[in-house]
Amino acid sequence: MNLKDEFIQFFKSKNHVQIPSAPLIPENDPSVLFNTAGMQPLIPYLMGKPHPEGKRLCDYQKCVRLTDLDSIGDKTHHTFFEMLGNWSLGDYFKKESIEYSFEFLTQVLHIPLEKLAVTVFAGNDEIPRDEVSASIWQSLGLSPKRIAYLGVEDNFWIAGETGPCGGDTEIFYFRSNDPVPEEFDPKDDRWVEIWNNVFMEFNKDSDGHITELPQKNVDTGMGLERVVAILEGVTDNYATSIWKDVIAKIETISNKPYEGNETSMRIIADHIRTAVFISADYAGIKPSNTDQGYILRRLIRRAIRHAKKLEIPMNSDWILDLAKVIIKEYENYYQEIKDNQEVVLEVLKNESLKFNRTLEKGLKEFTKLINHLDTKVIDKDNAFKLYDTYGFPLELTEEMAQEQGFTVDVAGFKEKFKEHQALSRTASAGKFKGGLASSGEIETKYHTATHLLNAALKVVVGPTVHQKGSNITSERMRFDFSCDHKLTDEEKRNVQELVNKWIIDDIPVTMTTMPKQEAVKSGAEAMFIEKYADIVNVYSIGDISKEICGGPHVKHTGELGKFKIIKEEASSAGVRRIKAILE
Ligand code: SER
């Protein structure tokens with residue numbers, strides 16, 4: 001049996017209910033591009049909301065973390081990884097949590113006690129030292145010398161800046177053939193962390209104040225790739241059973257052995273796996289130059305560059321053959337991988353066709369460039385040319401430059417990028433920098449205007465009107481909706497007047513977070529309900545509109561100015577399109 005199944009089976013035997021992994025793309029949290037921890041979708045329940053599945057939950061969770069992007073190619077890092085987790089939502093606390101972890105590690109995985117050590121929270125001015133956890137560990141047979149007390153930086157866990165948080169106890173495994181030292185030194189890197197049990201009993205607000213949550217929770221996370229490597233006795237995560245078929249496939253298509261080509265093979269393996277998961281997500285992400293789409297593009301293009309290094313024939317279907325191996329590995333665990341295989345293959349195929357068209361020329365251009373430069377810096381114009389003409393993501397140029405001992409004028413590039421965006425009058429320039437979803441003030445207004453238009457159409461044309469699509473730029477909004485006729489002038493006028501009346505009424509816009517089923521039950525509208533995470537944000541405008549939506553929105557409709565329909569036309573069969581502006 002594999003580790004995922006063993007973990008779930010164990011926690012089910014301890015009365016936990018298995019919940020599905022949340023989507024990789026958080027639908028309602030524009031502050032993060034990807035889900036980075038299993039607890040993220042559970043925040044409202046950690047804060048006290050009853051969870052429909054009860055107080056004991058477990059899952060395996062898809063995560064993408066981009067902080068390690070530059071480390072990919074070594075033995076232990078991944079952009080996509082799976083995390084095993086169990087939760088107590090105001091049910092058991094430290095004692096059972098530690099006992100369950102200990103039992104699973106020693107009884108199910110048969111890890112000997114001698115190879116284990118833990119850290120516990122040393123406390124600070126506000127929170128006492130965690131002697132409770134330490135004594136539980138001792139009662140299980142762990143020597144006090146194997147328990148280290150660490151401070152806030154190491155043993156206090158919070159996702160980001162605010163929200164549920166608490167001290168944690170981290171479990172370490174001695175990953176070496178050396179004799180195990182009697183005393184645990186957390187700085188000795190032969191000890192690797194395998195499991196983090198967070199005791200979430202506090203909430204941190206935006207002023208930095210810590211208050212007690214209404215309930216004491218447990219949130220644990222165990223990195224699957226690392227633990228599998230330990231259990232299989234290898235120090236290279238890519239040498240485990242998880243990657244065996246993938247690496248073997250790369251060896252076949254490149255006709256080269258893993259040994260001696262590890263870095264490129266790991267990058268290809270990691271990046272294509274992540275690309276498969278991002279493009280399979282129900283959010284429908286496609287390669288682009290902003291947000292998640294840009295990350296997807298970067299990953300695919302970087303993988304292609306390394307495939308070229310390995311002399312994999314670019315005109316072959318290597319990328320699809322590899323993706324199929326990955327799909328097979330995961331389709332029984334994740335429904336979207338099963339449902340969206342065709343989409344994934346299409347994305348990979350199109351993106352590689354696109355990049356391959358310019359890759360060869362771009363590489364030549366790059367070589368010419370570094371051979372002719374008098375300095376060791378690739379200037380902004382050349383970096384931008386590589387991006388704009390040859391499709392090299394900035395980070396790819398930087399990586400190639402670095403390999404040759406060059407750097408890139410990144411600030412200059414970004415300036416140039418912005419100028420270019422301003423010239424082409426698109427609204428996405430701001431998104432490039434941090435890679436975060438961002439919406440300007442005007443786009444935010446259009447978001448809210450979209451909800452008002454949707455509501456007005458239902459009043460004027462009829463309740464059968466449903467949103468079919470929407471697109472917002474800083475200049476206008478576009479709204480597609482189901483409707484069997486061309487709107488009459490009177491209908492258009494009435495819709496416009498109604499929206500403007502609601503704007504003048506200055507109605508407050510409010511947001512509540514709730515489980516998806518509850519939102520639907522309460523009558524909130526959504527375009528593609530299956531696309532949303534289990535926990536959704538519902539935006540209400542007084543009692544005239546209620547929609548599941550990622551936002552952002554204005555606080556009062558009065559902020560919108562004047563709404564004007566500039567065009568009404570057919571979009572497709574049974575679907576009309578309105579273009580409108582705010583003045
Ligand atoms: N939230 C904690 C982590 O991500 C435990 O799940 O490490």
Side-chain angles (χ1 to χ4, degrees), residues 3-4 7-8 10-11 14 16 18-24 26 29 31-47 51 55-68 76-94 96-98 100-102 104-105 118-121 130 133 150-173 186 191-204 210 213 215-227 230 533-535:
L3 184 57
K4 273 195 290 232
F7 184 89
I8 298 297
F10 176 80
F11 280 99
K14 305 290 180 196
H16 289 63
Q18 182 187 357
I19 53 168
S21 170
L24 208 46
D29 186 355
S31 69
V32 287
L33 291 178
F34 298 104
N35 187 56
T36 57
M39 54 73 71
Q40 236 152 17
L42 293 173
I43 289 175
Y45 308 112
L46 294 163
M47 305 282 283
H51 191 286
K55 294 181 172 185
R56 293 180 176 221
L57 308 174
C58 62
D59 78 354
Y60 44 86
Q61 169 70 39
K62 295 167 288 184
C63 302
V64 165
R65 291 188 189 174
L66 299 171
T67 41
D68 291 331
T76 53
H77 285 94
H78 311 288
T79 47
F80 169 90
F81 63 95
E82 292 173 280
M83 197 143 86
L84 303 168
N86 62 285
W87 287 273
S88 156
L89 303 170
D91 191 22
Y92 60 83
F93 202 44
K94 294 181 181 175
E96 289 89 337
S97 165
I98 292 174
Y100 290 154
S101 294
F102 185 78
F104 183 69
L105 293 173
V118 302
T119 57
V120 296
F121 184 42
D130 189 5
S133 293
L150 297 178
V152 175
E153 314 74 49
D154 295 290
N155 280 63
F156 192 86
W157 203 93
I158 183 163
E161 299 295 321
T162 59
C165 53
D168 62 25
T169 179
E170 297 184 5
I171 309 171
F172 288 72
Y173 173 84
W191 289 101
V192 291
E193 187 208 326
I194 52 173
W195 203 343
N196 183 13
N197 292 26
V198 187
F199 304 119
M200 291 197 159
E201 49 184 326
F202 303 109
N203 182 48
K204 191 171 177 187
I210 293 217
L213 284 172
Q215 64 189 34
K216 291 186 189 307
N217 310 287
V218 174
D219 154 40
T220 91
M222 183 202 264
L224 180 84
E225 280 75 5
R226 186 180 288 178
V227 175
I230 284 167
D534 288 346
I535 306 298

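In each ligand, atom 1 is the first atom listed, and ligand 1 is the first ligand listed. Hydrogens, waters and symmetry mates are skipped; everything else that's a heavy atom, side chains included, is used.
- Side-chain contact, Asn155 with Asp168: a donor N or O sits under 3.5 Å from an acceptor N or O.
- In summary, the atoms of ligand 1 found under 4.0 Å from a heavy atom of Asp219, numbered by their order in the structure, are 1 (N), 2 (C), 5 (C), 6 (O).
- Taking the ring centroids of Phe7 and Phe11, they lie under the 6.0 Å cut-off.
- Side-chain contact, Thr220 with Asn86: a donor N or O sits under 3.5 Å from an acceptor N or O.
- Looking from atom 7 (O) of ligand 1 to the surrounding protein, the closest heavy atom is Asn196 ND2, 3.2 Å.
- The protein heavy-atom contact nearest to atom 4 (O) of ligand 1 is Trp157 CZ2, 3.2 Å.
- Close approach to Ala37 involves these atoms of ligand 1, each under 4.0 Å from a residue heavy atom: 4 (O).
- Ligand 1 lies less than 4.0 angstrom from a heavy atom belonging to Met83.
- The neighbour count for Lys55 NZ, taken as heavy atoms of other residues, nucleotides or ligands under 6.0 Å away, does not exceed 12.
- Between Tyr92 and His16, the ring centre distance stays below 6.0 Å.
- A donor-acceptor contact shorter than 3.5 Å is absent between the side chain of Glu201 and the backbone of Gly166.
- Residue Gly221 has at least one N or O atom closer than 3.5 Å to an N or O atom of ligand 1.
- The contact set between ligand 1 and Thr220, taken as ligand atoms under 4.0 Å from a residue heavy atom, comprises 5 (C), 6 (O).
- The residue from Asp91, Thr169, Asn197, Asn217 that alone fulfils the side-chain hydrogen bond (donor to acceptor under 3.5 Å, both in side chains) condition with Ser97 is Asn197.
- Distances from ligand 1 to the non-hydrogen atoms of Arg65 include at least one value under 4.0 Å.
- For ligand 1, the atoms closer than 4.0 angstrom to any heavy atom of Met39 are 1 (N).
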